Amino acid sequence: MIDLVVRNASQILTCAETGVPAPLAGRSQGSIGLTSGGVAIDDGRILEVGPGAADIPARETLDAQGGVVLPGFVDPHTHLVFVGNRAQEFEERMKGVSYEEIAKRGGGIRASMAMLREATDEQLQSAVKRNLDRALALGTTTLEAKSGYGLSLEHERRSLRALAVDHPVEVVRTCLAAHAIPPEFEKNRQGYVDLVCDEILPAVAEEGLAQYCDVFCENGAFGFEESERILLRGKELGLRGRVHAEQLARSGGSRVACRAGAITADHLEHATYEDALAMKKAGVIAVLLPAANYVLDQERRAPARTMIGIGLPVALASDFNPGTAPTQSMPLVMNLACVRFKMTIAESIVAATINAACAAGVADRLGSLEAGKQADLVLCGVSDYRDLVYRFGGNPVRAVVKRGRVVKR
Ligand SMILES: [Zn+2]
């Protein structure tokens with residue numbers, strides 16, 4: 001007798017093609033691995049997927065009620081640890097004030113920094129827990145979370161520690177000390193880059209507070225050389241890079257990502273054909289963030305069709321943050337990726353599961369429904385997978401299984 005069987009699924013999307021933990025690219029970007037029947041689970045792992053699996057005797061049964069079953073969503077780019085909100089900035093922006101102008105007035109990242117520095121450890125932890133609860137309810141079973149509103153050794157450390165909560169959602173931690181220049185270094189950029197390289201990243205690595213290091217490579221944030229220096233320092237310390245790249249302008253972030261051997265380059269609205277080709281050659285995954293593109297109402301769209309056309313693997317993430325993407329819904333992100341970046345429904349599903357798991361560095365265990373993988377899956381209240389992405393604004397997720405345990409029903 002095994003632990004759990006999921007039965008009666010109209011469609012099961014395995015999002016598995018190769019059997020190896022590699023992202024799906026090019027024509028395979030849309031390989032959702034459609035089957036039906038059930039999923040057999042024992043000891044936290046998947047035993048079998050498909051029609052035969054539904055008949056294996058189990059101690060517990062989860063009835064999919066004719067719905068769609070797919071891997072738990074992986075969200076490979078979030079700024080999950082913050083307090084307060086910036087609804088007021090949203091209101092100002094809707095009156096025509098630009099994001100850059102708001103940042104100049106001390107809003108934006110600096111406003112979140114001020115609120116975070118004021119908050120107690122308990123307040124940070126409860127904010128993290130609340131956000132993880134919401135992610136789980138929306139079907140996200142693993143996510144990458146960045147610090148980056150602390151911008152000092154003490155507060156970056158507090159942020160990363162707050163992300164180490166005991167919660168069913170697995171958290172992959174990234175140090176984004178290079179998110180913005182804090183006000184105390186306003187006239188001494190070099191001093192802050194030194195602090196990041198000489199103190200913050202070494203402490204983070206030493207204490208095992210993060211697995212990755214990220215940098216916001218953009219006009220008004222960190223330049224090409226600064227970004228490269230930070231990423232190479234992180235690499236030296238065992239913190240692999242991730243880059244906020246080519247979002248508001250073509251600032252060279254994707255090139256830095258290639259040179260520093262980063263795992264991903266994210267945003268990429270201004271990435272060119274050459275940038276995409278270089279990323280493919282260097283093995284850098286493209287993480288697209290259509291919710292931020294939507295909130296900023298950017299005319300420029302990430303060139304997803306070019307990327308998929310040349311065989312560069314594309315992942316999707318929420319970019320969950322209080323300024324430009326106050327959403328944690330991966331189904332919504334998938335819808336936005338279809339509408340704004342012209343991805344197909346199947347491509348968006350692969351981008352939010354197996355490719356997202358590759359982007360978070362966890363694809364050896366997660367992101368697809370295959371025998372031997374950890375049993376993380378979601379049951380949706382729709383009978384056709386296309387409905388998952390086509391309908392938007394609600395929550396299609398009815399039940400969530402994490403490590404073989406039903407954590408939402
Ligand atoms: Zn971001």
Side-chain angles (χ1 to χ4, degrees), residues 74-82 85-86 89-90 99-100 102-103 107-113 116 128 131 135 140 143-151 156 159-160 163 171-181 196 210-222 227 230-231 234 240-249 251 253-254 256-257 262-271 284-296 298 300 302 314-330 332-333 336-337 341 351-352 356 359-361:
V74 176
D75 187 349
H77 182 139
T78 80
H79 301 257
L80 194 100
V81 52
F82 63 87
N85 78 54
R86 288 171 20 207
E89 285 177 16
F90 178 72
Y99 186 63
E100 286 89 345
I102 287 169
I109 294 166
R110 280 192 186 175
S112 292
M113 181 209 75
L116 184 137
V128 165
N131 291 336
T140 298
L143 53 81
E144 183 265 6
K146 306 170 197 303
S147 60
Y149 296 118
L151 307 180
E156 285 294 298
S159 302
L160 291 167
L163 287 167
V171 178
V172 175
R173 291 179 291 174
T174 297
C175 179
L176 178 59
H179 197 190
I181 302 280
V196 171
Q211 206 177 327
Y212 295 100
C213 113
D214 196 337
V215 57
F216 189 13
C217 181
E218 191 72 61
N219 299 336
F222 295 85
S227 300
I230 291 163
L231 288 181
R240 198 172 172 194
R242 323 181 69 87
V243 188
H244 283 69
E246 335 286 5
Q247 180 191 11
L248 306 171
S251 311
S254 63
V256 183
I263 185 166
T264 67
D266 307 26
H267 283 292
L268 300 169
E269 272 78 357
H270 289 264
V284 177
I285 299 169
V287 178
L288 306 185
L289 310 171
N293 183 275
Y294 162 73
V295 171
L296 292 172
Q298 274 181 280
R300 185 88 180 206
V314 172
L316 290 171
S318 67
D319 192 20
F320 176 52
N321 77 76
T324 57
T327 182
Q328 294 179 264
S329 170
M330 289 302 283
L332 173 63
V333 165
L336 292 172
F341 298 163

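Note that ligands are numbered from 1 as they come in the structure, with each ligand's atoms numbered from 1 the same way. Model, not experiment: these values are computed from the prediction.
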Between F341 and Y294, ring centroids under 6.0 Å: no
Flag for Q328-D75: side-chain donor and acceptor within less than 3.5 Å: no
Qualifying residue for side chain to side chain donor-acceptor pair (under 3.5 Å) with D214, from K146, R242, H77: K146
Tell me which N, O or S atom of [X] sits nearest to the Zn ion (ligand 1).
X    : result
H77  : NE2
H79  : NE2
H244 : NE2

Short N/O/S contact of D319 with the Zn ion (ligand 1) (below 2.8 Å): yes
H267 backbone or side-chain N/O/S under 2.8 Å from the Zn ion (ligand 1): no
Aromatic plane relationship, H244 with H179 - under 30° parallel, 30 to 60° tilted, over 60° perpendicular: tilted
Closest contact, heavy atoms only, A265 versus V284: N-CG1, 3.4 Å
